[in-house]
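Shown next, in structure tokens, is the structure this report addresses.
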Amino acid sequence: MSIFSITGNDLLELGYPEGPVFKVLIEAVNQHYSAHSSAEVMGLLKRLLSDPAAFIEDVQLSEAAALLLSVKDNKTVSLLPEPVPYKIYGEEYIDPNAMKQINQAVKLPVAVAGALMPDAHPGYGLPIGGVLATNQAVIPYGVGVDIGCRMCLSILDLPVASLKASQETYVKSLNVHTKFGAGAEWRKREDHEVLARPEFKETQLLRQLFDKAAGQLGTSGSGNHFVEWGVVTITEAQPELNLAPGQYVALLSHSGSRGLGAQVAGHYTRLAKELCELPEGYKHLAYLDMNTAEGQEYWAAMTLAGDYASACHHVIHRKLINATGATLLARVENHHNFAWKELYEGQEVIVHRKGATPAAEGTQGIIPGSMTAPGFIVKGKGVAASLQSASHGAGRVLSRNVAKAQIKPDEMRKVLADHGVVLLGGGLDEAPAVYKDIRKVMSAQSELVEVIGEFTPKYVRMADGGPAED
DNA sequence: ATGTCC
């Protein structure tokens, strides 16, 4: 007969809420159950956690059961004893810390299903590249700080030869009509109907944020955001895009909802943490009940931030297309940090995509590679196991700090020159070498999306990189 | 991601 004992880690693994119940339960089990098998005790502990009321008169476990019931009354949320189903795509390319984060998210009591995309890397709460479906709950950090961060591609009627022949015009258009950097605002403000939205008058938060949003309309921010001219190659006729096979000049942008979305995310994450107390290590996953005023308020603010992000892209594209005198032939755009109401196995769920491209059957999207690697125009296949999602890019392999310490400016210049790419701004932390191989990432998700076109960057503008690390 | 704590 072996002597068996449990530890606090065992209880954490089982999803027990941290607190006095730990000490009481460890003592009770080690005193009264040490002669039982590990499997027997674990089974008992699972039953106790899922239904403490059934143990309230149990000789050995009544105290623990009472504590568990009072914890529930005190709104500390208990995790699921078993995770809901989730599928990982391209596991061999994914950081273990991102795996750990999706493993936590699928134990939330509101979780319905999850998925992890092949470009995944760690984030706050849900990993970047993480997808989570929940029941009647929205997780502000499941959407992310940059609410509505999205891609927008305009395919134009300009001759491809003009890219080289009129290099100066294209480069100048980026310098004149885009604005990058944290806090960047246009001195002469742009206009767009999104600024007339009633939501800007309906909460104190959005009233406060309106002026900054008006100033930042049509700016791009910093980090991995970009605006670039390049070449779209279509190999087969695409009726949905109304495009014949061939090559086209195109404009591609990547940016989000700027200060507006960041402040909305911060505000409602703080609120969610107050209303939804989760165990240690899970707190960034705090959620709002969709059937409360707070949940509905976040949803409205998130929707506005998403539409604002779209408006920013449209302002940028309008100005750059005007600068070249082009005509728009086709446009593809998609959010990749957002939450949607969708059906999963017949149930309405809230699908959070934090750095993941919507890929419902026939839905078009853009998955960028890097400055020197192609991006892909894709059409979703509607695979339920991925919650109808795909990656939102190649994903980083080097952190910003490591990149700034390791990559030499001359190496980066050479890679750009070898690919015929002109870069305005941009830092070592955005060098092509910091990204995974987009072709490997695409093959890891070939069952999720069909590629219908490629985009190759030529003239790229980004925010100036930060200072190099020592 | 954001002028890095409303």
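Just so we're clear, the structure is a prediction, and the values are computed from it rather than from any experiment. Numbers restart at 1 for each chain; the letters A, B, ... are given by sequence-line order, proteins then strands.
With rounding to the nearest 0.5 angstrom, the OG atom of A:Ser253 is 13.5 Å from the CZ atom of A:Arg461.
Of the two residues near DNA chain B, A:Gln208 and A:Asn224, the one whose nearest nucleotide lies more 5' is A:Asn224. Ranked by how close their nearest DNA chain B nucleotide is to the 5' end, A:Leu205 and A:Gly221 are led by A:Gly221.
Note on A:His225: only backbone sugar-phosphate atoms sit closer than 4.0 angstrom, heavy atoms only; bases stay farther off. Nucleic acid contact for A:Lys354: none, since no nucleic acid atom lies under 4.0 Å from a heavy atom of the residue. Nucleic acid contact for A:Gly223: sugar-phosphate only, since backbone atoms but no base atoms lie under 4.0 Å from a heavy atom of the residue. A:Ser222 comes within 4.0 angstrom of sugar-phosphate atoms only, judged by non-hydrogen atoms across all strands, and of no base. Within the nucleic acid shown, A:Gln204 has no heavy atom closer than 4.0 Å to any nucleic acid atom.
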Donor-acceptor pairs under 3.5 angstrom involving side-chain atoms of residues 354-382 of chain A: please list them, not counting sequence neighbours.
residue: A:Lys354; atom: NZ; partner: A:Tyr124; partner atom: O; Å: 2.4
residue: A:Lys354; atom: NZ; partner: A:Leu126; partner atom: O; Å: 2.8
residue: A:Lys354; atom: NZ; partner: A:Tyr141; partner atom: O; Å: 3.0
residue: A:Thr357; atom: OG1; partner: A:Ser391; partner atom: O; Å: 2.7
residue: A:Thr363; atom: OG1; partner: A:Ala360; partner atom: O; Å: 3.4
residue: A:Ser370; atom: OG; partner: A:Thr372; partner atom: N; Å: 3.2
residue: A:Ser370; atom: OG; partner: A:Ala373; partner atom: N; Å: 3.3
residue: A:Lys379; atom: NZ; partner: A:Glu240; partner atom: OE2; Å: 3.1
residue: A:Lys381; atom: NZ; partner: A:Ser446; partner atom: O; Å: 2.8

Could you give the side-chain donor-acceptor pairs of residues 294-303 of chain A under 3.5 Å, partners two or more places apart or in another chain?
residue: A:Gln296; atom: NE2; partner: A:Met290; partner atom: O; Å: 2.6
residue: A:Glu297; atom: OE1; partner: A:Tyr268; partner atom: OH; Å: 2.7
residue: A:Thr303; atom: OG1; partner: A:Trp299; partner atom: O; Å: 2.7

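The aromatic ring centroids of A:His392 and A:His254 lie 6.0 Å or more from each other.
Taking the 5' to 3' direction, DNA chain B first and last meets chain A under 4.0 angstrom from a heavy atom at B:dA1 to B:dC6.
No salt bridge links A:Glu190 with A:Lys179; every basic N to acidic carboxylate O contact stays at or beyond 4.0 Å.
Of the candidates A:Val77, A:Leu132, A:Ile350, A:Tyr287 forms a side-chain contact (heavy atoms from CB on, under 4.5 Å) with just one, namely A:Val77.
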